[in-house]
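Right, one structure below, let's go through it.
Atoms within each ligand, like the ligands themselves, are counted from 1 in listed order.
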Amino acid sequence: MTLEEIIKSHIAIAGPMRLSDYMALALGHPEFGYYMTRDPLGARGDFITAPEVSQMFGEMLAAWVIDVWQKSGAPQEFILMELGPGRGTLMRDMLRIAEMVPDFIKGAHVHLVETSPTLRSVQEETLKGYAVQWHDRLETVPQDKPIYCVANEFFDALPVQQFVFSDGQWWEHGVAESGTGLQLVRVLATTDLEGVLPHKEPKEGDIFEYARASVVVMGELAARIKAHGGAALVIDYGHAQSDFGDTVQAVRGHTYTGILDHVGESDITAHVDFEKLADAAKGQGMHIFGPVPQGRFLKNLGIVQRAQKLSEAASEAQKSEVDTALIRLTDVDHMGQLFKVMGVIPQDIGAEGFA
Ligand code: SAH
């Protein structure tokens, strides 16, 4: 059976499936899910992420985490956690910087939350020599120490529900069978959207997306930081304020494709609603920094100076690589503007980068 057939047989028995359930299966089905079966990153994969563009990204994030760790009293033992670590490149680059701060590297217990067995083995290889523990979910990460967390392009991969406003009411989008494949259909909205919708009047055809799983994960993370200390840094593409808009997209081989085509073979994501994430963290008493555009954040932390430094000792070819990477990470036409950075920190400490 293919994943599409599995989904069709669900639908045949239970009727249209929530878009969020479809997304969860397409990405995470234990046997056929997109992330379960491949390493999607890199030139030969489907998409490229900031840590894969340049080591400078992880270096800046390491500087941020170490600064916050110091500001929070440099706890002797703590958890250094990453959600959705991909190839492990970001964590490797961070740990390389951390080696320069002996108390930090000595006290860091590295925990990775990763569902994909394929990517776990890539991470194992990338992080050889470090003591690392893996988890399928945040729940099993130990709860006895401060927790410093980074998450790059993690929340965009969590499922969203989609609602469409029509004839004066909200309908939830479901996935149903069409003659040849799958199609989106309107089913009567059953979820109470009170308190979740943006504060503006919807027009006919407006789409609203709600990432319940993201809100739950952020709430849980914030509760842990509240109880034991720490901080979190979230980087992703998305919007600072909740709004209407259809942002669910699928990418395969670096080009966009239909979200219902090539089931389990394309990367389906949605833009992150940072306001909802912030609200979930504020609900636990957290202080929110940003979100600010990634370009601004990285420049505030000194990425331009770092690029110069790297170029000093480099060959011409390497210099132009560094230049290109700097542009890709910070330029408004590349990852500099759409990608945003949000810090989640207990009330009492500050953070760099958000000016
Ligand atoms: N942070 C990495 C990879 C981003 S891709 C980078 O920047 O390069 C998304 C990552 O999240 C992958 O590692 C994927 O396997 C993981 N992932 C997706 N859904 C997940 C879930 N529900 N729980 C844990 N990890 C998940």
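- Interatomic distance, CZ of Arg18 versus NE2 of His173, reported as 14.0 Å (0.5 Å rounding).
- Residue contacts with ligand 1, taken as heavy atom pairs separated by less than 4.0 Å, involve Leu158 solely via side-chain atoms from C-beta onward.
- Residue, atom and distance of the protein heavy atom nearest to atom 11 (O) of ligand 1 are Gly84 CA, 3.2 Å.
- Arg87 pairs with exactly one of Asp39, Thr49, Thr126 by the side chain to side chain donor-acceptor pair (under 3.5 Å) rule, that one being Asp39.
- Taking the six-membered ring where the residue is Trp, Phe32 and His29 present parallel rings, their angle staying beneath 30° rather than reaching 60°.
- Aromatic ring centroids of Phe163 and Tyr210 lie 6.0 Å or more apart.
- In terms of polar-atom proximity, defined here as any N/O pair under 3.5 Å, Leu119 makes no such contact with ligand 1.
- In terms of polar-atom proximity, defined here as any N/O pair under 3.5 Å, Phe154 makes no such contact with ligand 1.
- Looking only at atom types and distance, the side chain of Ser166 has a donor-acceptor partner in the side chain of Arg186 under 3.5 Å away.
- Within the 4.0 Å heavy-atom cutoff, Leu90 does not count among the residues contacting ligand 1.
- Judged purely by atom type and a 3.5 angstrom limit, Glu209 has no side-chain atom pairing as donor or acceptor with the backbone of Ala270.
- For atom 3 (C) of ligand 1, the nearest non-hydrogen atom from the set Pro117, Ala151, Gly86 comes from Gly86.
- In this structure, atom 23 (N) of ligand 1 lies nearest to the protein heavy atom Thr115 CG2, 3.5 Å.
- Checked against a 6.0 Å centroid threshold, the rings of Trp64 and Phe57 do not count as neighbours.
- With hydrogens left out, the protein atom closest to atom 4 (C) of ligand 1 is Glu153 O, 3.5 Å, a heavy atom.
- At distances below 3.5 Å, at least one donor-acceptor pair connects side-chain atoms of Glu5 with backbone N or O atoms of Thr2.
- Residue Glu114 has at least one N or O atom closer than 3.5 Å to an N or O atom of ligand 1.
- Considering backbone and side-chain atoms together, Gln123 places no N or O closer than 3.5 Å to any N or O of ligand 1.
- In this structure, Gly28 does not count as a contact residue of ligand 1, since none of its heavy atoms falls inside 4.0 Å of the ligand.
- At least one N or O atom of Asn152, backbone or side chain, sits closer than 3.5 Å to an N or O atom of ligand 1.
- Those atoms of ligand 1 with a heavy atom of Ser116 less than 4.0 angstrom away are 15 (O).
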**Request:** Evaluate side-chain contact (heavy atoms from CB on, under 4.5 Å) for Ile7 paired with Leu3, printing each intermediate quantity in order.
**Result:** CA-CA 6 Å; Ile7 287 172; Leu3 186 53; 4.1 Å; yes

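- In terms of modelled atom types and a separation under 3.5 Å, the side chain of Asn300 and the main chain of Ala355 share a donor-acceptor contact.
- Of all the atoms in ligand 1, the ones that sit under 4.0 Å from a non-hydrogen atom of Pro51 are 6 (C), 7 (O), 8 (O).
- Near Thr49, the atoms of ligand 1 lying under 4.0 angstrom from a non-hydrogen atom of the residue are 6 (C), 7 (O), 8 (O).
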